[in-house]
Enquirer: 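Quick one: the structure is below, questions incoming.
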Amino acid sequence: MAPKHQAPRGTRDLLPEDTARWQWAEARAREVFSRYGYSEIRTPIFEDYELFARSSGESSDVVQKEMYRFSDLGDRALALRPENTAGVVRAYLESGMGGRSRIHKLWYMGPMFRYGRPQKGRYRQFHQIGAELIGSAAPGADVEMIALFVDLYRAWGIDGLTVAVNSVGTPATRLAYGDLLRAWLAPVATQLSADSQARLVTNPLRVLDTKSEVDLALFQQLPAPPRMVDHLDADSADHWAAVCAGLDAVGVAYEVDHGLVRGLDYYTRTAFEVHDRTLGAQSALGGGGRYDGLIEQLGGPPTPGVGFSIGQDRSMLVLQERGLSVENPTVVLVVAMDATRTAAQTLARELRQEFAVESDLEGRSFNAQMKAAGKSGARFLVILGEDEWQRGQVAIKDSKLGTQDVVAPSALAALLRSRITA
RNA sequence: GUGGGUGUAGCUCAGCUGGCAGAGCAUCGGGUUGUGGUCCCGAGGGUCGCGGGUUCGAACCCCGUCACUCACCCCA
């Protein structure tokens, strides 16, 4: 106990029982992305600090107090990426992808970093799987993106999730809507919780999802709050109607959440999220939305985009709680006797060209090897008995069929192959 | 960042008002040197998170610290 070092706060090791599940989930995700026609992009884990500050919004919490900023030995102002949309857009512009064709469908997975107080499902190094569709402003792009989003969860066996969807309009309509909210809250403004009073100034859209009992009771005294979707510009309203119709047509189950707001400033029009209550307070499993102004803001031509990111750590937590176990069991266990230990190693290596094979490394007794064989769950036991070996034969037990045969070592591979596929 | 809770064997946890650090599971070995997960016997494994303090004596009380955890905040 008390090793000299421990993983830094908010980071953790993924141990073999975890990586088996992670790899499984990642493989499923790659399949889904590929069927939707998305290609992988890998961008640096750190970027210029300015990139994130400008894209996420100077006033956002992520930038204000959660960014891992540092300067390198050449005094460059850098930051570990807190999310990956900014990096993908930067790469898109830097490589001139926009000039090669109009629409690009990209996906990524990897670690992100935010400095917050750790909690179950909230880490300082966490992992996201995400996608970006750059170059289309059509409502169909939003619909496809949301369908892809829910199909990823489905591929992991997490179904029954309902996507919450909203439209956050444009920066201009959002500002105007904020004023409407302030006016709506004005009668009770001085009685609101301290948190809400602060948000009333900085980000009035956030007041609506307060958890304060006091605030919620005050809301009851007011008429129904104004809804963002009722105060969109004409184009955004058309877009919103088309997205809802598209989701209905495609068969994606969703509900409209009029209070849904995203944490990063670059979102426009469509925003969506999915939650899982079994996770406790950190219930957001993933979310995304449209970001039509971002690319221009980062120095590119006016270019629309939509994307999402999924919290991999949280999703894996849900899978774990649902009892998903992924294992890669030994299929063949080679048991040796004193005179056949070397031969066993040779045979194991040959069989490993095709099968999952284990054999004793430590010169353990025959009994000990047999006990280990029982616990391993291996279907086949290849036993190199001294007498049989002398005659050029080995015994093979099949625990599924309950049989034992004696064959020449050269015939093993073919026998195993036929038994496994049978 | 704010406020609570918890740290004892690899894991799950006991440990009374301060008095020799324990169990179950897991691991390893054995049950006549050639056939299995059960069963029986045995063994190894601890800086009681870490550092101070109080005390004749601290896993236990006090202070600090690190980590985890719950809620808030924020979000994935």
Side-chain angles (χ1 to χ4, degrees), chain A residues 1-12 15 17 56 60-67 81-85 109-130 149 193-196 198-199 202-203 206 209-213 260-264 273-276 279-288 308-318 333 335-340 362-389 394-399 402-404 406:
Chain A
M1 209 63 212
K4 279 206 177 92
H5 296 284
Q6 49 189 298
R9 181 162 207 209
T11 70
R12 62 190 179 137
L15 302 176
E17 58 265 34
S56 298
S60 68
D61 275 27
V62 168
V63 172
Q64 286 283 309
K65 44 187 199 186
E66 293 184 350
M67 193 114 75
R81 60 187 189 190
E83 56 95 36
N84 207 29
T85 299
M109 57 175 71
M112 311 291 159
F113 304 84
R114 290 184 204 173
Y115 188 90
R117 188 141 156 185
Q119 209 174 128
K120 183 180 178 188
R122 180 165 73 180
Y123 306 99
R124 289 178 175 180
Q125 175 177 336
F126 61 103
H127 301 79
Q128 288 187 332
I129 297 178
F149 181 66
S193 65
D195 271 353
S196 288
R199 277 184 291 216
T202 57
N203 192 353
R206 282 267 175 223
D209 49 30
T210 178
K211 287 175 187 166
S212 157
E213 302 280 345
L260 186 111
V261 188
R262 306 242 65 224
L264 304 169
E273 272 177 8
V274 79
H275 290 257
D276 183 309
L279 289 172
Q282 309 303 319
S283 67
L285 267 191
F308 65 75
S309 70
I310 287 173
Q312 194 175 1
D313 309 77
R314 291 178 186 179
S315 299
M316 296 305 99
L317 216 48
V318 171
L333 204 136
V335 178
M337 311 212 47
D338 282 340
T340 57
E362 301 188 286
R364 300 167 77 196
S365 72
F366 180 80
N367 263 343
Q369 290 182 63
M370 289 302 289
K371 258 189 192 178
K375 285 183 207 168
S376 76
R379 175 176 171 185
F380 300 101
L381 281 193
V382 173
I383 301 173
L384 278 68
E386 290 166 1
D387 297 341
E388 292 93 326
W389 190 253
V394 298
I396 172 165
K397 297 189 67 164
D398 183 334
S399 62
T403 57
Q404 174 161 341
V406 177

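Each chain gets a letter, A, B and so on, in the order its sequence line appears, and its residues count up from 1.
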Enquirer: When the distance from NZ of A:Lys397 to C1' of B:G37 is rounded to whole Å, what number comes out?
Expert: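 Roughly 12 Å, once rounded to whole Å.
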Enquirer: When both hydrogen-bonding distances must be under 3.5 Å and the geometry is Watson-Crick or G-U wobble, what is B:U54 paired with, if anything?
Expert: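 Result: none.
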Enquirer: Is there a side-chain contact between A:Leu381 and A:Met370 in this structure, where contact means two heavy atoms from C-beta onward sitting under 4.5 Å apart?
Expert: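 SC-SC contact between A:Leu381 and A:Met370 confirmed.
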Enquirer: With salt bridge (Lys or Arg N to Asp or Glu O under 4.0 Å) as the rule and sequence neighbours excluded, what pairs involving residues 368-386 of chain A come up?
Expert: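 Qualifying pairs, neighbours excluded: A:Arg379-A:Asp398.
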Enquirer: Taking the C1' atom in each of B:U27 and B:A71, what is the distance between them to the nearest angstrom?
Expert: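 Rounded to whole Å, the distance is 39 Å.
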Enquirer: Are any non-hydrogen side-chain atoms of A:Glu273 and A:Arg262 less than 4.5 angstrom apart?
Expert: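 When only atoms from C-beta onward are counted, A:Arg262 and A:Glu273 do touch, with a gap below 4.5 Å.
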Enquirer: On RNA chain B, does the nearest nucleotide to A:Ala368 precede the nearest nucleotide to A:Tyr115 from the 5' side, or the other way round? Give the residue.
Expert: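 In this pair, the answer is A:Tyr115.
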Enquirer: Closest heavy-atom contact between A:Ala284 and A:Arg314?
Expert: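 For A:Ala284 and A:Arg314, the tightest heavy-atom pair comes out as O-NH1, 2.8 Å.
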Enquirer: Side chain to side chain donor-acceptor pair (under 3.5 Å) with A:Ser309: which residues, sequence neighbours excluded?
Expert: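 With sequence neighbours excluded, A:Ser309 shows a side chain to side chain donor-acceptor pair (under 3.5 Å) to A:Gln128, given in chain and number order.
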Enquirer: Between A:Gly311 and A:Ser315, what is the shortest heavy-atom contact and its length?
Expert: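 The answer is O-OG, 2.8 Å.
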Enquirer: According to the Watson-Crick and G-U wobble definitions, with both distances under 3.5 Å, which nucleotide is paired to B:G10?
Expert: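 B:G10 is paired, partner B:C25.
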Enquirer: Is the closest side-chain heavy-atom distance between A:Tyr115 and A:Arg124 below 4.5 Å?
Expert: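 They are in side-chain contact.
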Enquirer: Can you tell me how far C1' in B:G22 sits from the matching atom in B:G29, rounded to whole Å?
Expert: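 Per the computed distance, 23 Å lies between those C1' atoms.
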Enquirer: Looking only at side-chain N and O atoms, does A:Ser376 come under 4.0 Å of OP1 or OP2 in B:G36?
Expert: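 Looking at the OP1 and OP2 atoms of B:G36, neither is under 4.0 Å from any side-chain N or O of A:Ser376.
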Enquirer: Is any NZ, NE, NH1 or NH2 atom of the basic residue among A:Arg114 and A:Glu83 found under 4.0 Å from an Asp or Glu carboxylate oxygen of the other?
Expert: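 The answer is no: the pair does not qualify as a salt bridge.
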Enquirer: Under 3.5 Å, is there an N or O donor on one side and an acceptor on the other linking the side chain of A:Gln369 and the base of B:G34?
Expert: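 Absent.
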Enquirer: When rounded to the nearest 0.5 angstrom, what is the spacing between CE in A:Met316 and CD1 in A:Ile310?
Expert: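 Interatomic distance, A:Met316 CE to A:Ile310 CD1, rounded to 0.5 Å: 9.0 Å.
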Enquirer: For A:Tyr123 and A:Thr11, run side chain to side chain contact (heavy atoms under 4.5 Å, CB included): C-alpha distance rounded to whole Å, both residues' side-chain angles, the deciding distance at 0.1 Å, then the answer.
Expert: CA-CA 6 Å; A:Tyr123 306 99; A:Thr11 70; over 6 Å; no
Enquirer: For A:Thr340 versus A:Gly385, what's the shortest heavy-atom pair and its separation?
Expert: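 Shortest heavy-atom separation between A:Thr340 and A:Gly385 comes out as CG2-O, 4.3 Å.
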Enquirer: With a 4.0 Å cut-off on heavy atoms, is A:Glu388 in touch with a base, just the backbone sugar-phosphate, or nothing at all?
Expert: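 Result for A:Glu388 = base.
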Enquirer: Return the nearest nucleotide to the side chain of A:Pro118; candidates are B:U35, B:C68, B:C66.
Expert: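 Closest nucleotide among those given: B:C68.
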Enquirer: How many Å lie between CG on A:Asp398 and C1' on B:U35, as a whole number?
Expert: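 Answer to the nearest Å: 15 Å.
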Enquirer: Could you tell me which nucleotide pairs with B:G44 by Watson-Crick or G-U wobble geometry, both distances under 3.5 Å, or answer none if nothing does?
Expert: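 By the stated definition (distances under 3.5 Å), nothing pairs with B:G44.
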Enquirer: Can you check the A:Asn367 CG to B:G29 P distance for me, whole Å?
Expert: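 My rounded result for the distance is 10 Å.
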Enquirer: Counting any heavy atom closer than 4.0 Å, what does A:Gln404 reach on the DNA or RNA strands: base, sugar-phosphate only, or nothing?
Expert: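 The residue A:Gln404 makes base contact.
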Enquirer: Give a yes or no on whether a donor-acceptor pair under 3.5 Å exists between the nucleobase atoms of B:U69, that is its base, and the side chain of A:Lys120.
Expert: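 Donor-acceptor pair under 3.5 Å: no.
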Enquirer: Going by heavy atoms closer than 4.0 Å, what residues in residues 377-387 of chain A are next to RNA chain B?
Expert: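 Contacting residues: A:Ala378, A:Leu381, A:Ile383, A:Gly385, A:Glu386, A:Asp387.
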Enquirer: Taking atom P in both B:C62 and B:G7, what distance in whole Å separates the two?
Expert: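 It works out to 13 Å between them.
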Enquirer: With sugar-phosphate meaning primed atoms plus P, OP1 and OP2, does A:Gly288 contact a base, only sugar-phosphate, or nothing at under 4.0 Å between heavy atoms?
Expert: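 A:Gly288: no heavy atom of the nucleic acid under 4.0 Å.
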Enquirer: Under a 3.5 Å limit for both distances, which nucleotide forms a Watson-Crick or G-U wobble pair with B:C74, could you say?
Expert: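 When the pairing criteria are applied, nothing turns out to pair with B:C74, so the answer is none.
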Enquirer: Check the interface with nucleotides 39-44 of chain B: list each N/O to N/O pair with the protein under 3.5 Å, or write none.
Expert:
none

Enquirer: With sequence neighbours left out, write down each residue that passes salt bridge (charged side-chain N to carboxylate O under 4.0 Å, His left out) with A:Arg12, or none if nothing qualifies.
Expert: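 Testing A:Arg12 for salt bridge (charged side-chain N to carboxylate O under 4.0 Å, His left out), a comparison that skips the adjacent residues, returns A:Asp313.
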Enquirer: Taking any strand in view, what nucleotide pairs with B:G18 in a Watson-Crick or G-U wobble way, both distances under 3.5 Å?
Expert: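 Partner of B:G18: none.
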Enquirer: Considering only atom C1', compute the distance from B:U32 to B:G19 and round it to an integer number of Å.
Expert: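 The answer is 48 Å between these two C1' atoms.
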Enquirer: Quote, to the nearest angstrom, the P distance that separates B:C73 from B:G3.
Expert: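 Result for the P pair: 15 Å, nearest Å.
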Enquirer: For A:Phe113 and A:Phe126, which heavy atoms make the closest approach, and how far apart are they?
Expert: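 What the structure gives for the nearest pair is N-CE2, 3.9 Å.
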Enquirer: Give the rounded distance in Å between these two atoms: CD1 of A:Ile396 and P of B:G36.
Expert: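 These atoms are roughly 17 Å apart.
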Enquirer: Taking atom types as they are modelled, is there a donor-acceptor pair under 3.5 Å from the base of B:G36 to the side chain of A:Lys375?
Expert: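 No pair found.
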Enquirer: Can you tell me, in whole Å, how much space there is between the C1' of B:A43 and that of B:A9?
Expert: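 After rounding to an integer number of Å, I get 15 Å for this pair.
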Enquirer: Assess whether side chain to side chain contact (heavy atoms under 4.5 Å, CB included) is satisfied between A:Arg9 and A:Arg117, documenting all intermediate values.
Expert: CA-CA 9 Å; A:Arg9 181 162 207 209; A:Arg117 188 141 156 185; 4.3 Å; yes
Enquirer: Looking at A:Arg364, does any N or O in its side chain come under 4.0 Å of the phosphate oxygens OP1/OP2 on B:G29?
Expert: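 Indeed, a polar side-chain atom of A:Arg364 lies that close.
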Enquirer: Sticking with atom P, work out how far B:U17 lies from B:C60, rounded to a whole angstrom.
Expert: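 About 14 Å, rounded to a whole number of Å.
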Enquirer: Distance check, P atoms only: B:U69 and B:G44, in whole angstrom units.
Expert: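 It comes out at 35 Å once rounded to the nearest Å.
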Enquirer: So if I define the base as every atom that isn't primed, P, OP1 or OP2, how would nucleotides 71-76 of chain B read as a B/S/- string at a heavy-atom cutoff under 4.0 Å?
Expert: BBBBBB
Enquirer: Roughly, in whole Å, what's the span from CE in A:Met370 to C1' in B:G36?
Expert: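 It is 5 Å, rounded to the nearest whole Å.
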